[in-house]
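These notes concern the structure reproduced below.
Naming: A, B, ... by sequence-line order, numbering from 1 per chain. Quantities reported herein were computed from a predicted structural model and do not represent experimental measurements.
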Protein chains: 2
Amino acid sequence: MSSVLDGLAVDPASDRAVFRQIADQLRSAIQNGRLNEGERLPSEAQLIDHYGVARMTVRNALQILETEGLTRAEHGRGVYVRKRPPVRRLASDRFARRHRKEGKAAFLVESEQAGARPDVDLIRVDEIPVPPEMGERLKHSGPVVVRSRRYSLDGAPVETATSYIPAEIARGTPITDPNPGPGGIYARLEELGHTLERFTEEVTSRMPTEAEARLLKMMPGVPVFRLVRTAFDTEGRAVEVCDTVMSADAYVLNYELPAH
Amino acid sequence: MSSVLDGLAVDPASDRAVFRQIADQLRSAIQNGRLNEGERLPSEAQLIDHYGVARMTVRNALQILETEGLTRAEHGRGVYVRKRPPVRRLASDRFARRHRKEGKAAFLVESEQAGARPDVDLIRVDEIPVPPEMGERLKHSGPVVVRSRRYSLDGAPVETATSYIPAEIARGTPITDPNPGPGGIYARLEELGHTLERFTEEVTSRMPTEAEARLLKMMPGVPVFRLVRTAFDTEGRAVEVCDTVMSADAYVLNYELPAH
DNA sequence: CAGTGGTCTAGACCACTGC
DNA sequence: CAGTGGTCTAGACCACTGT
């Protein structure tokens with residue numbers, strides 16, 4: 001019976017805790033390919049037998065790997081080496097006007113290029129007093145129209161987005177419809193005379209909240225990107241802020257910076 | 001004796017596991033300010049008494065909060081609500097030539113603006129065969145000069161960076177010195193005739209490896225940004241790739257995108 | 001020293017999966 | 001059904017902190 005555990009043992013006298021040593025050995029088995037993506041790890045019972053330790057010790061070791069995002073536990077089935085999901089690469093020109101000409105919103109265009117089936121759900125439109133953070137970004141203190149929605153690829157949720165638009169701009173326009181029409185809300189803003197000139201994006205990363213983990217069906221050990229984009233028109237006015245939370249394992253963000 | 005636990009209890013009959021209920025209650029105490037930054041949580045013993053559960057149950061609850069980055073445990077002292085560290089905001093024009101004119105490297109300039117004491121250590125310069133990923137980015141297959149270093153702010157490590165420069169460009173120049181001189185290696189590259197025209201940056205986020213967590217002295221539950229920047233000269237040639245790993249709680253990345 | 005968290009043992013019962 | 005991971009109990013000894 002050959003196994004990934006062959007020849008592996010822990011040193012109870014070591015400074016390093018036993019459960020960390022076990023985690024180290026399983027981690028390197030994953031990293032150098034003795035355990036491949038999607039393969040099952042030895043069961044808890046097997047690890048208990050092999051290392052001669054208590055169940056808690058084994059479970060602490062497995063928890064480390066799960067927290068690092070290397071494995072996922074499936075109740076009743078086993079612990080598996082996690083597969084890396086297909087990633088969505090965001091180009092720095094993804095909001096360029098030429099991509100809107102086709103009458104499609106950014107998310108749909110990119111998904112098709114990536115060969116994945118896109119989906120949008122949980123669409124909600126409201127009018128509320130502007131939240132303080134968004135008021136600062138918009139330099140606006142009146143009410144705002146809030147559009148929130150969730151995006152999925154091949155049925156897996158990857159991103160939630162919430163847009164804030166000053167109500168005086170959006171009220172009574174297709175922007176307040178669940179489906180704002182071809183080209184998305186940026187196309188509508190331009191039709192309303194707010195020709196878009198530039199966007200700023202602010203990117204942070206952290207562990208998801210419980211609510212985010214549930215909405216995005218996230219595995220433990222995966223962080224989120226928070227990306228807040230502000231759209232400015234040619235008069236320098238901020239006309240929209242979009243607050244996006246993305247499962248970080250599904251994204252690569254690309255940006256282009258000038259040298260001058 | 002008033003305490004944050006006053007009136008809190010768990011429902012053993014609930015679908016939600018007891019340790020998750022305890023975590024939920026502590027989490028909301030943190031989020032709505034009944035427990036402030038830097039304050040100590042009730043000790044394990046107090047939680048055991050209050051909820052009438054075993055120690056493992058309490059520890060599982062505390063582990064959730066630690067994984068979420070909300071608390072840190074200090075051996076022998078207690079469990080504390082984590083303070084958010086000062087963040088470093090990276091502007092999209094941080095590599096603009098005008099910022100080099102003063103003869104300072106980007107990191108030093110930004111740190112001074114932020115009012116923090118910068119530090120660079122663990123500097124290493126080597127010449128090695130190009131690693132495959134970097135070869136692709138550089139479109140280069142020969143040897144490369146590798147410069148690695150670690151940056152700290154006010155004594156706290158925040159970022160490691162490794163630069164790859166084709167050896168035919170860097171060999172025998174100040175780029176191979178531990179201290180490459182005023183303006184950093186970008187200034188040296190321009191003196192060598194490689195006027196820089198643009199940079200691309202690729203941003204991802206994930207949990208740190210063990211080695212990264214150690215080097216950056218990271219708290220559990222904090223992800224890292226990986227930022228890979230490629231510098232192109234006016235002839236369109238990639239002259240440097242810089243592979244950066246940053247403690248995500250210490251950074252906000254800002255980018256500017258054109259709309260056309 | 002007492003109080004704290006870190007590690008570990010040796011069980012128990014449960015819910016889920018696949019045969 | 002047997003095997004898996006999920007939850008929980010009730011202890012033990014240790015290392016670190018502050019008084």
Distance-only side-chain donor-acceptor flag, B/Glu159 / B/Tyr251, under 3.5 Å: yes

Side-chain donor-acceptor contact under 3.5 Å, B/Ser163 with B/Arg149: yes

Kindly say whether [Y] contributes a backbone atom to a donor-acceptor pair with the side chain of [X] at under 3.5 angstrom?
X	Y	result
B/Gln21	B/Asp11	yes
B/Arg147	B/Asp177	yes
A/Glu44	A/Arg55	no

Salt-bridge present (A/Glu212, A/Arg206; N to O < 4.0 Å): yes

Minimum heavy-atom distance between A/Val81 and A/Arg72, given as atom pair plus value: O-NH1, 3.7 Å

Which atom of B/Arg137 lies closest to which atom of B/Thr230, heavy atoms considered: O-CG2, 4.2 Å

With sequence neighbours excluded, residues passing side chain to side chain donor-acceptor pair (under 3.5 Å) with B/Glu127: B/Arg171

Residues forming a side chain to side chain donor-acceptor pair (under 3.5 Å) with A/Arg82, sequence neighbours excluded: none

Residue-level proximity of residues 40-50 of chain B to DNA chain C when a heavy atom falls under 4.0 Å: B/Arg40, B/Ser43, B/Glu44

Which residues share a ring pair (Phe, Tyr, Trp, His ring centres under 6.0 Å) with A/Tyr255, sequence neighbours left out: B/Tyr255

For [X] and [N], give me the distance from atom [atom1] to atom [atom2], rounded to whole Å.
X	N	atom1	atom2	result
B/Phe19	D/dT9	CZ	C1'	15 Å
A/Asn60	D/dT7	CG	C1'	14 Å
A/Arg59	D/dT4	CZ	C1'	11 Å
B/Gln63	D/dC8	CD	C1'	16 Å

A/Thr57 side-chain N/O to C/dT9 phosphate OP1/OP2 under 4.0 Å: yes

Any A/Arg20 side-chain N or O less than 4.0 Å from OP1/OP2 of C/dT7: yes

Watson-Crick and G-U pairing of DNA chain D, under 3.5 Å, as dot-bracket with | and [ ]: ||||||||||||||||||.

Sequence-aligned protein contact record of nucleotides 10-19 of chain C, with B where the base is within under 4.0 Å of a protein heavy atom and S where only the sugar-phosphate is: --B--BBSS-

